[in-house]
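Per chain, numbering begins at 1; letters A, B, ... match sequence-line order. The figures that follow rest on heavy atoms only: side chains count, while hydrogens, waters and symmetry mates do not. This is a predicted model, so every value here is computed, not measured.
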Amino acid sequence: MNSFFQQVYDLVAQIPSGKVVSYGQVAQMLGHSRAARQVGWAMRCCPENLPWQRVVMADGSIAGGDFADMRRFLLQNENVTFLPDGRVDMAACRWSGDSGADIE
DNA sequence: GGACTGACCAACC
DNA sequence: AGGTTGGCCAGTC
């Protein structure tokens, strides 16, 4: 099924190591500024080949409930910068697409 | 086939 | 500053 849902996987799969994106950002890249809910819903399927740990909340917090702490560890292992708050440093690790032109 | 929900976000009050 | 609401898509009831 080719859909927004599928595009989310494709986009997340393209996120380079040491970079993260917020749910809303992914949605916005795909042309759906408010489809963040659906992005999270796509993540609910948790594909093994999908580095969804790079997908965080808009404020840098890790989503995913029980696995959140595990993902934070994975991100640290990928050279992602974290703030003293325990959140991802979005200012330094926010991935603005491969071109960086679709957003902002 | 209609209504609800779901790992969110941002605007509004 | 914190709670409520609207909005997107797709899957389930």
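Residues that satisfy the salt bridge (Lys or Arg N to Asp or Glu O under 4.0 Å) test with D89(A), not counting sequence neighbours, are absent from this structure. In this structure F73(A) satisfies the ring-ring contact (aromatic ring centres under 6.0 Å, His included) test with no other residue, sequence neighbours excluded. The salt bridge (Lys or Arg N to Asp or Glu O under 4.0 Å) test applied to R87(A) returns D59(A), D85(A), not counting sequence neighbours.
Distance noted for atom P between dG6(C) and dA3(B): 16 Å (whole Å). With P as the reference atom, dT5(C) and dC4(B) are 15 Å apart, rounded to whole Å.
Summarising the geometry, the separation between CD on Q28(A) and C1' on dG7(C) is reported as 14 Å, rounded to the nearest angstrom. Note: CD1 (I62(A)) to P (dC8(B)) measures 13 Å, nearest angstrom. Summarising the geometry, the separation between CH2 on W41(A) and P on dG7(C) is reported as 21 Å, rounded to the nearest angstrom.
Hydrophobic cluster membership for F82(A): V20(A), V56(A), I62(A), L75(A), V80(A), V88(A), M90(A) (Ile, Leu, Val, Met, Phe, Trp, Tyr linked by side-chain heavy atoms under 4.5 Å, directly or transitively).
Within the structure, ring-ring contact (aromatic ring centres under 6.0 Å, His included) contacts touching residues 9-28 of chain A (residues at least two apart or in different chains) are F5(A)-Y9(A).
With respect to K19(A) and E78(A), no salt bridge is recorded, no charged nitrogen being found less than 4.0 Å from a carboxylate O.
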Pairs: protein N or O with nucleotides 9-13 of chain B N or O, under 3.5 Å:
| from | atom 1 | to | atom 2 | distance (Å) |
| --- | --- | --- | --- | --- |
| dC9(B) | OP1 | A58(A) | N | 2.3 |

